[in-house]
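Below, chains carry the letters A, B, ... as their sequence lines are ordered, and counting in each starts from 1.
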Protein chains: 2
Amino acid sequence: MDNTLAMIEGEGRQRILAAAEKLFSAKAFDAVSMNAIACEAGISKANIYHYFPNKDTLYLAVLRVASHNLRAVLNEAVSAHGSVLDVLRHFARNHLQALLNRPQLVRLVWREILERGAPRAQEFAEQGFADMFSALVDVLKLGQSRGEFRQDFDPALVATLLLGANVFFFQSRDILRHYPPITFADDPAGYDAGIVEILLRGLVPASS
Amino acid sequence: MDNTLAMIEGEGRQRILAAAEKLFSAKAFDAVSMNAIACEAGISKANIYHYFPNKDTLYLAVLRVASHNLRAVLNEAVSAHGSVLDVLRHFARNHLQALLNRPQLVRLVWREILERGAPRAQEFAEQGFADMFSALVDVLKLGQSRGEFRQDFDPALVATLLLGANVFFFQSRDILRHYPPITFADDPAGYDAGIVEILLRGLVPASS
DNA sequence: GTCTATAAAGGGATAGAC
DNA sequence: GTCTATCCCTTTATAGAC
């Protein structure tokens with residue numbers, strides 16, 4: 001079996017998937033026409049149907065690849081070594097940075113989470129969530145078992161809080177930027193550093 | 001001027017707006033047809049064009065009303081009296097409860113925030129954001145000025161963290177529910193109580 | 001104000017040549 | 001594998017009677 005042949009055979013499919021990913025990332029399912037995808041891919045509309053039986057299948061294929069890639073990017077970003085505190089700080093910062101580095105993938109997957117009550121979204125989205133939650137919960141539990149953290153908080157709750165802070169930042173960055181008292185809209189690293197410090201030390205003075 | 005007449009005159013328009021709001025809340029702009037709106041409103045499709053020149057204008061009218069209502073609901077929910085800590089706790093809980101009470105409004109406005117890079121979204125969305133941020137930042141600043149909170153954190157950052165936690169909970173509740181270590185997916189009050197306690201006391205033991 | 005009927009355009013999908 | 005041409009349906013929007 002010749003590799004070159006396999007690559008050529010897959011080339012058309014790849015072009016379509018890339019074009020579809022780009023367009024589906026920018027607009028919702030119904031707002032993207034097969035015609036637009038064909039134009040973006042530089043092929044004819046009918047040719048798409050040689051590779052995919054219908055629009056829905058194409059969309060699902062795009063979503064499958066995208067969520068897989070996003071998951072890999074995120075998992076890669078948050079892997080770290082060092083003390084519990086260092087790992088936590090790096091997790092927060094790198095997770096957010098990974099989101100900001102791949103805005104299209106995030107938008108694509110996240111829209112699926114928000115729009116569809118359908119079961120297919122969950123399949124992909126939950127994987128990414130589960131990875132992040134597991135990693136983060138493990139870090140927090142380790143901190144607890146070592147006595148570096150309190151024992152009386154729920155690690156899953158803190159994980160939700162931290163992931164939510166990053167997702168919210170990613171989603172509403174443009175709005176945050178236009179709101180005067182906010183100075184960190186263009187400083188994601190500073191944002192996460194501030195958040196982690198607050199989480200660690202709390203709002204109430206230590207003397208209390 | 002007779003009130004009844006005014007109400008009858010506005011009735012058709014109201015029926016259309018209500019139907020459109022319901023459908024636009026459930027699906028994206030391009031996924032909702034004028035035909036579907038007409039059916040939902042129980043009138044003919046052509047009749048819609050007597051009140052609105054085109055689909056885009058109708059959508060914008062829906063968005064305008066929805067964001068106004070959502071803003072009122074949220075502002076109402078978070079108004080509270082008492083000690084700084086009580087106000088903070090009530091803010092968190094009531095804000096999230098208000099989101100959960102009006103899921104359609106939240107979805108409608110929030111989709112607009114996420115989808116459009118367009119300027120019109122900002123106009124509405126920023127108002128709601130500004131209200132919440134202002135109220136929350138004021139509470140935090142008051143706590144700081146009274147010495148009940150540390151001086152060395154950014155109130156806007158904590159406000160973002162808290163609002164983000166609630167929005168994230170609202171958005172990903174279905175996913176959270178299916179993830180084993182999470183026990184608070186159906187307990188928003190407990191979720192916010194836990195979050196606020198963590199924020200106040202921090203993760204690190206007080207002895208450190 | 002409300003309707004039926006229809007126009008004009010674009011959508012997804014297919015047929016069949018090459 | 002890729003294309004052009006086409007089918008059929010739905011879409012937005014309009015015309016015009018009542």
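- Between the OH atom of A:Y49 and the P atom of D:dG1 there is a distance of 19 Å, given to the nearest Å.
- Under the 6.0 Å cut-off for aromatic ring centres, B:F129 and A:Y179 do not qualify, their centroids lying 6.0 Å or more apart.
- Here B:I195 contributes atom CD1 and A:L157 contributes atom CG; the two are 5.5 Å apart, rounded to the nearest 0.5 Å.
- One can place NE2 of B:H50 at 18 Å from P of D:dG16, the figure rounded to the nearest angstrom.
- Here the nucleotide nearest the side chain of A:A46, chosen from D:dA5, C:dG11, C:dA13, is D:dA5.
- For B:N47, the listed nucleotide lying nearest its side chain is C:dC3; candidates were C:dG12, D:dC3, C:dC3.
- The B:N54 side chain lies nearest to D:dA13 when the options are D:dT4, D:dG1, D:dA13.
- Between A:K55 atom NZ and C:dG12 atom P the separation is 4 Å, expressed in whole Å.
- What separates CD1 of B:I48 from C1' of C:dC3 is a distance of 13 Å, to the nearest Å.
- Atom-to-atom, CG of B:D30 to P of C:dG10 comes out at 14 Å; the value is rounded to the nearest Å.
- Side-chain contact annotation: B:Y59 with B:E112, donor-acceptor N/O pair under 3.5 Å present.
- Distances were taken from every side-chain heavy atom of A:S33 (C-beta onward) to each of C:dG11, C:dC3, D:dA13; the shortest belongs to C:dG11.
- Straight-line distance from the CD1 atom of B:I37 to the C1' atom of D:dT10: 15 Å, rounded to whole Å.
- When each of C:dT4, D:dT12, C:dG12 is scored by its nearest atom to the side-chain atoms of B:S44, the top-ranked nucleotide is C:dT4.
- Rounded to whole angstrom, the span from the CZ atom of A:F52 across to the P atom of C:dG12 amounts to 15 Å.
- With C:dG11, D:dA13, D:dT2 as the candidates, the nucleotide lying closest to the side chain of A:N35 is C:dG11.
- Checked by atom type, the side-chain pair A:S44/A:N47 shows no donor-acceptor distance below 3.5 Å.
- Here the nucleotide nearest the side chain of B:Y51, chosen from D:dT2, D:dA13, C:dT2, is C:dT2.
- Whole-Å rounding puts the B:M34 CE to C:dT2 P distance at 15 Å.
- For A:K27 and B:F29, the positive end is not near the middle of the six-membered ring at less than 6.0 Å and at most 45° from its axis.
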